[in-house]
There are 2 protein chains.
Amino acid sequence: MNNMEHKIPLANNHISVDCVVIGFDGEKLKVLLVRRIGEDSGGEVFHDMKLPGSLIYVDEDLDGAAMRVLNQLTGLKNVNLMQFKVFSSKDRTKNPKDVRWLERAEKAKVERIVTIAYLSLVKIDRALNNKNLNNFQAEWVPLDEVKDLAFDHNLIIDEAMKFIRQYVEFNPSCLFDLLPRKFTALQLRMLYEVLYGKRIDVRNFHKKITMMEYVIPMDEYQQGVSHRAARFYKFDKKIYNKTRR
Amino acid sequence: MNNMEHKIPLANNHISVDCVVIGFDGEKLKVLLVRRIGEDSGGEVFHDMKLPGSLIYVDEDLDGAAMRVLNQLTGLKNVNLMQFKVFSSKDRTKNPKDVRWLERAEKAKVERIVTIAYLSLVKIDRALNNKNLNNFQAEWVPLDEVKDLAFDHNLIIDEAMKFIRQYVEFNPSCLFDLLPRKFTALQLRMLYEVLYGKRIDVRNFHKKITMMEYVIPMDEYQQGVSHRAARFYKFDKKIYNKTRR
DNA sequence: CCAAAAGTGTTTCTCATACACCCATGT
DNA sequence: ACATGGGTGTATGAGAAACACTTTTGG
């Protein structure tokens, strides 16, 4: 691929995808993790968590592999998957726990795995209670309760969050991927607050919503709440796309 | 790497890095390309251009490989290299020209090459007239004169430009990587104009410069120009880093 | 003195921020 | 009636944008 001097190219690389799937429950951001069962050096069984991921197969490209992982897990299709970073450090597989687990899982010695990290923002209610979540022992874990994960998956999540914050600025529509189809102003505001880690003034926020022509106030209100019912809003993708040209 | 059903993982992947090296000559953006010599289906020799790149070697990670490519070519060290996107589509190596060239260059059948694209912004004057540029038959090509390149390298350059525009917003200091150490207001303005593809009002721009505390006016002026001499400015990284906390 | 580019101020508008009270509903 | 969260308007300041003329220098 180059006309430089030739040394030994790295053959037999392993390429994987890992998916950071983020949901929002109206209060907190959650990440979708799958359970991993392994044995430590003393032969003791341990449980921990990891990001859903997979090596890539011969008949698919990276986007396809990420899509497959996400679909198997959540049953969701047509979600927006964004490739946001590659992790290729040699010591991402240096932990003996991880090495042992890998060699059992892949039945081969693994030198290094280059992983392409994907981010997806999903409606947590649509991806919840799916039987596949049980099959894969998957769980929604609040971001602030994520423990030590396999490999460098904690790092990958951190980078994903940095990416989202930047991405939202340029493409605010992705926020609505996290919210139910009908949502209240409070939900949207909480989402902003939790993403940027600071409080937002309620009145200014209502003005902001009013100025977003693609956030449509509905004639529908909350029901059965023990206080004034909040109005529902919906996101209009067509209007959004128009106003963004 | 996963606990999903197992199909055949893709072994023997090839992983490469490709570097989009951008320079600015005071008027236009240029990209560093290397010449490629191949044979078409009729056995005729053809010349075209490609991005500098390389497969990765066993003893290096991706950032290291990108660094090596850039250093061999330009002699530059300690430049800021940003990994900005992965290209993994199967048909990025579908052009018969490219297939033939690859098989000759790598002396093996190549199914697919996943490439990690890097972006680097450099001072064109420091990386010009380097003897290595001749050794590798490298050339600075104005962005608007780039012809059909090997593989999907045109696409990679397009994506690189999108990336820069976003990146500048968050990290304006990278603009000064493109300019000489001493630069005029015009040069800086042209850089903005060419990046965003629109004209900027001169007076407003001077105000903008004044407000950027990290752009220091010098007591030095242009010499030997047939009109009023422009003042030189310099970029102060220390001040920049302070004002960004 | 002419050509060519450098440099300079004021006004206007938009947008972000700060801030406090009344409204609707269920218990 | 009260507790709970929903919803509203105004005033201020900062930064972006529009706009035209004078200055310096070499030829």
Side-chain angles (χ1 to χ4, degrees), chain A residues 24-28 165-166 168-170 172 175 179-180 182-234 240 243-244, chain B residues 24-28 165-166 168-170 172 175 179-180 182-234 240 243-244:
Chain A
F24 178 65
D25 66 2
E27 193 181 344
K28 281 180 169 186
R165 286 183 200 107
Q166 297 205 355
V168 168
E169 308 261 316
F170 291 98
L175 289 178
L179 293 168
K182 301 187 273 185
F183 53 88
T184 65
L186 176 64
Q187 287 175 310
L188 183 55
R189 182 162 55 85
M190 290 293 274
L191 182 51
Y192 271 99
E193 291 187 354
V194 81
L195 266 179
Y196 293 108
K198 62 173 187 185
R199 303 200 79 65
I200 298 176
D201 180 85
V202 189
R203 279 174 290 187
N204 293 335
F205 191 72
H206 272 273
K207 264 181 296 184
K208 190 170 174 171
I209 292 182
T210 313
M211 285 195 298
M212 297 191 269
E213 303 146 77
Y214 48 86
V215 176
I216 317 282
M218 300 173 68
D219 291 328
E220 207 172 324
Y221 293 82
Q222 283 182 321
Q223 299 212 331
V225 286
S226 73
H227 52 75
R228 179 169 172 182
R231 164 169 257 168
F232 283 118
Y233 294 81
K234 65 181 175 185
Y240 177 83
T243 57
R244 287 258 131 186
Chain B
F24 177 64
D25 67 2
E27 193 183 344
K28 283 181 167 186
R165 285 183 200 107
Q166 297 205 354
V168 168
E169 308 261 316
F170 291 97
L175 289 179
L179 293 169
K182 301 187 273 184
F183 53 88
T184 65
L186 176 65
Q187 287 176 311
L188 183 54
R189 183 163 53 85
M190 289 292 275
L191 183 51
Y192 271 99
E193 291 187 354
V194 82
L195 265 180
Y196 292 108
K198 62 173 185 185
R199 304 202 77 63
I200 298 175
D201 179 85
V202 189
R203 279 173 290 188
N204 292 335
F205 191 72
H206 272 272
K207 265 182 294 185
K208 191 169 175 173
I209 292 182
T210 313
M211 286 194 299
M212 297 193 267
E213 302 147 78
Y214 47 87
V215 176
I216 317 282
M218 301 172 68
D219 290 329
E220 211 172 324
Y221 293 81
Q222 282 183 319
Q223 298 212 331
V225 286
S226 74
H227 54 75
R228 180 168 172 180
R231 181 189 278 264
F232 282 118
Y233 293 82
K234 63 182 177 185
Y240 177 83
T243 57
R244 287 255 133 187

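Chain letters run A, B, ... following the sequence lines, proteins first, then strands; residues in each count from 1. Keep in mind that what you see is a predicted model, and the values were worked out from it rather than measured.
- The nearest heavy atom of DNA chain D to A:Arg231 and to B:Asp201 marks one nucleotide each, and the one closer to the 5' end goes with A:Arg231.
- Taking for each of B:Arg228 and A:Ala230 the nucleotide of DNA chain D with the nearest heavy atom, the 5'-most of the two is the partner of A:Ala230.
- Ranked by how close their nearest DNA chain C nucleotide is to the 5' end, A:Asn204 and A:Ser226 are led by A:Asn204.
- The CE-P distance, from B:Met211 to D:dA17, rounds to 11 Å in whole Å.
- Nearest approach of B:Leu195 to B:Arg165, heavy atoms of both residues: O-NE, 2.8 Å.
- Atoms CD (B:Gln223) and P (D:dT25) sit 11 Å apart, rounded to a whole Å.
- Of the possible polar contacts, none joining the A:Arg189 side chain to the A:Val202 backbone as a donor-acceptor pair under 3.5 Å is found.
- To the nearest angstrom, P of D:dA17 lies 12 Å from OH of B:Tyr196.
- For the pair A:Tyr221 OH and D:dT4 P, the computed distance is 24 Å after rounding to whole Å.
- Rounded to a whole Å, the CZ atom of B:Arg203 is 12 Å from the C1' atom of D:dT22.
- Atom NE2 of A:His206 is separated from atom C1' of C:dA20 by 15 Å (rounded to the nearest Å).
- The separation between A:Arg199 atom CZ and C:dC19 atom P is 15 Å, rounded to whole Å.
- One N or O donor and one acceptor, one from the side chain of A:Lys207 and one from the base of D:dT10, sit under 3.5 Å apart.
- Under the 4.0 Å criterion applied to side-chain N and carboxylate O atoms, A:Lys182 and A:Glu220 are assigned as salt-bridge partners.
- Protein atom CZ of A:Phe205 is 16 Å distant from nucleotide atom C1' of D:dG5, rounded to whole Å.
- With values rounded to the nearest 0.5 angstrom, A:Phe205 atom CZ is found 9.0 Å from A:Leu186 atom CG.
- Comparing A:Gly224 and A:Val202 along DNA chain C, the residue whose closest nucleotide (by nearest heavy atom) sits nearer the 5' end is A:Val202.
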